[in-house]
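These notes concern the structure reproduced below.
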Amino acid sequence: MTMIEMAERPKHVPADRVVDFDVYNPDGVEHGFHEIFQKLHDQVNHDLVWTPRNEGHWIALGGEMMLDIWPDHRRFSSRIIVIPKSVGEQHQMLPSTLDPPYHREFRNLLNITLSSSAIKNKKPQIRQLAGDLIDGFMNKGRCNFTTDYAELLPIQVFLGIVDLPQSDAKLLKKLADDIVHPDGTVEYPDAKQGFFDYLEPHLAQRRNSDGDDMLSQFVRGTVDGRPLTQEECLILSMQALMAGLDTVVNMLGFTFQFLANNPGHVEKLRDSPDLISAAVGELLRRFPVVNVAREVRMDMEYNGTHLKKGEVVMLISALVGMDERINKCPFDVDFNRSGGQHATFGKGVHFCPGTQLAITELRITIEEWLKRIPRFSLAPGANLTYRSGIVGTLDRLPLVWPGPAI
């Protein structure tokens with residue numbers, strides 16, 4: 001995907017609303033993923049700005065504005081959820097790119113295997129896996145948290161939910177990265193076809209089985225009283241895998257980067273384990289990782305400017321929880337915060353169906369980690385690198401601790 005060309009400013013876009021910002025290759029990302037968006041917010045005088053990058057699109061920077069746009073499918077459609085728009089046109093994920101009421105029955109197929117009761121039944125398995133992974137490096141006194149844990153636990157758990165071979169984890173993560181973190185080496189149609197080529201034989205196998213995994217639910221599912229088409233099964237499966245193989249990996253990375261740099265917060269959790277559930281909510285408020293788009297459905301005046309039908313607005317989830325108009329002292333991580341607002345899992349009808357799974361994995365990880373490694377820090381001289389895009393990424397997180405840990 002080429003993202004170098006600059007779009008001309010449309011006549012209806014005021015000059016003072018224009019910023020030069022590329023969400024895939026932002027200046028200053030080496031200083032942190034969340035920091036680049038806060039810097040952009042602080043540099044402009046508007047909650048809604050326009051960039052000529054990635055074919056030209058709007059960027060919402062105000063928390064209240066995003067909480068307004070996110071669920072408002074009558075004015076802001078989910079038909080386009082990624083930029084540039086030419087790629088968004090091809091990125092027709094189910095149910096994420098469907099507006100109500102068409103999304104509902106596709107969404108219900110996801111809910112079957114990601115419901116609170118379904119995830120509750122998986123807690124012992126998640127806890128066992130978390131403990132086994134940590135036990136594998138605990139006595140070494142160091143690890144690369146990203147590759148030794150964060151890229152293993154959520155992916156192995158999700159591969160169990162979809163009943164795909166654990167040995168395929170690396171391949172599937174690469175396929176997901178080609179779409180979520182495009183670097184220009186793989187065009188979107190090729191990345192999508194790679195997923196389809198992988199999934200087709202597995203879906204064919206499910207059609208002749210009575211399994212209860214997620215992919216089996218898809219091939220046996222119905223929409224409007226009819227079976228899903230092959231393409232619908234492929235797209236729905238691809239959507240689920242992309243979310244399950246990437247988002248929680250990065251949530252874990254940013255969470256443990258913060259904890260490694262803030263021993264006082266770790267001490268609070270160690271001394272008061274009952275705080276961990278609240279801590280997970282606060283860490284999710286402070287460190288969201290997803291950027292998503294919406295398409296303007298009609299010409300309108302909005303935030304003191306004009307929006308035209310068909311234009312695209314990028315929503316930066318990190319800035320919702322960091323908006324001081326919404327959350328008092330938003331940059332402070334306060335495990336006793338009451339009523340912190342955020343959009344880490346979106347808002348409205350497309351609220352992330354995997355929310356309960358993500359929260360469970362984060363909470364169990366912190367619990368099992370602190371049982372075994374009560375004190376840890378960032379490795380001296382660690383050179384952290386970040387990437388932006390549809391999902392923010394911390395590439396590696398080297399941690400150290402006194403050993404043995406127990």
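Quick caveat: nothing in here was measured; it's all calculated off a predicted structure.
- More than 12 heavy atoms of other residues, nucleotides or ligands lie within 6.0 Å of CD in Gln90, so this atom counts as buried by the packing criterion.
- For Gln166, the CD atom counts as densely surrounded, since its 6.0 Å shell holds more than 12 non-hydrogen atoms of other residues, nucleotides or ligands.
- Side-chain contact check for Pro263 versus Ser377: every heavy-atom pair is 4.5 Å or farther apart.
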Run the salt bridge (Lys or Arg N to Asp or Glu O under 4.0 Å) test on Arg325 and Asp47 for me, step by step, so that the C-alpha distance in whole Å, both residues' side-chain angles and the decisive distance to 0.1 Å come before the verdict.
CA-CA 12 Å; Arg325 294 166 293 185; Asp47 283 344; 3.0 Å; yes
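- Contact check for Tyr24 versus Pro84: side-chain heavy atoms found under the 4.5 Å cut-off.
- To the nearest 0.5 angstrom, Thr344 atom OG1 is 9.0 Å from Arg285 atom CZ.
- Under the 4.5 Å side-chain criterion, counting only non-hydrogen atoms from C-beta, Thr305 is not in contact with Val13.
- For the side chain to side chain contact (heavy atoms under 4.5 Å, CB included) test with Glu361, the passing option among Val280, Leu153, Ile119 is Leu153; the others fail.
- Considering all non-hydrogen atoms of both residues, Asp323 and Gly62 come closest at OD2-C, 3.7 Å.
- Note on ring orientation: taking the six-membered ring where Trp is involved, the planes of Phe258 and Phe287 are tilted (angle from 30° to 60°).
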Stepwise side-chain contact (heavy atoms from CB on, under 4.5 Å) test for Ser277 and Arg363:
CA-CA 6 Å; Ser277 289; Arg363 188 183 70 248; 3.2 Å; yes
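- Atom CZ of Arg142 has 12 or fewer neighbouring heavy atoms from other residues, nucleotides or ligands inside a 6.0 Å radius.
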Check against side-chain hydrogen bond (donor to acceptor under 3.5 Å, both in side chains), Glu311 and His12
CA-CA 12 Å; Glu311 292 182 328; His12 67 279; 2.6 Å; yes
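- Ion pairing between Asp332 and Arg337 fails under the 4.0 Å rule for side-chain N and carboxylate O.
- By the 30° and 60° cut-offs, the orientation of the rings of Phe254 relative to Phe33 is tilted.
- Residue pairs meeting the side-chain hydrogen bond (donor to acceptor under 3.5 Å, both in side chains) criterion with at least one partner in residues 108-132, sequence neighbours excluded, are Arg107-Asn111, Ser115-Ser117, Arg127-Glu367, Arg127-Glu368, Gln128-Asp132.
- More than 12 non-hydrogen atoms from other residues, nucleotides or ligands lie less than 6.0 angstrom from NE2 of His265.
- Using a 4.5 Å heavy-atom cutoff, the side chains of Arg294 and Ser77 are not in contact.
- Residues Met138 and Trp401 come closest through the heavy atom pair O-NE1, 2.8 Å.
- Note: Asp299 CG to Leu307 CG = 9.0 Å, rounded to the nearest 0.5 Å.
- No side-chain heavy atom of His46 sits under 4.5 Å from any side-chain heavy atom of Met65.
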Worked verdict on Arg206 versus Asp213 for salt bridge (Lys or Arg N to Asp or Glu O under 4.0 Å)
CA-CA 9 Å; Arg206 301 300 198 281; Asp213 62 279; 3.1 Å; yes
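- Side-chain atoms of Lys308 and Val296, non-hydrogen and from C-beta on, never get closer than 4.5 Å to each other.
- With rounding to the nearest 0.5 angstrom, the CZ atom of Arg372 is 11.0 Å from the CG atom of Leu370.
- The local environment of NZ in Lys173 is crowded, with over 12 non-hydrogen atoms from other residues, nucleotides or ligands closer than 6.0 Å.
- For CZ of Arg74, the number of neighbouring non-hydrogen atoms (other residues, nucleotides, ligands) closer than 6.0 Å is 12 at most.
- Residues Leu357 and Ile126 are in side-chain contact: their nearest non-hydrogen atoms beyond the backbone lie under 4.5 Å apart.
- In this structure, Trp369 has its ring center closer than 6.0 angstrom to the ring center of Phe145.
- Using a 4.0 Å cut-off between a side-chain N of Lys or Arg and a carboxylate O of Asp or Glu, Arg79 and Glu89 qualify as a salt bridge.
- Below 30°, between 30° and 60°, or above 60°: for Phe137 and Tyr149 the angle between ring planes is above 60°, a perpendicular geometry.
- Under 4.0 Å is where a charged nitrogen must lie from a carboxylate oxygen, and between Arg75 and Asp68 at least one such pair does.
- Between Leu164 and Phe158 the shortest side-chain heavy-atom distance does not fall below 4.5 Å.
- No more than 12 heavy atoms of other residues, nucleotides or ligands lie within 6.0 Å of OH in Tyr102, so this atom counts as exposed by the packing criterion.
- Heavy atoms of other residues, nucleotides or ligands lying less than 6.0 angstrom from CG of Asp27 number 12 at most.
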Please report, to 0.1 Å, the donor-acceptor pairs under 3.5 Å made by any side chain of residues 189-203, with sequence neighbours excluded.
| from | atom 1 | to | atom 2 | distance (Å) |
| --- | --- | --- | --- | --- |
| Gln193 | NE2 | Asp197 | OD1 | 2.8 |
| Tyr198 | OH | Asp168 | OD2 | 2.7 |

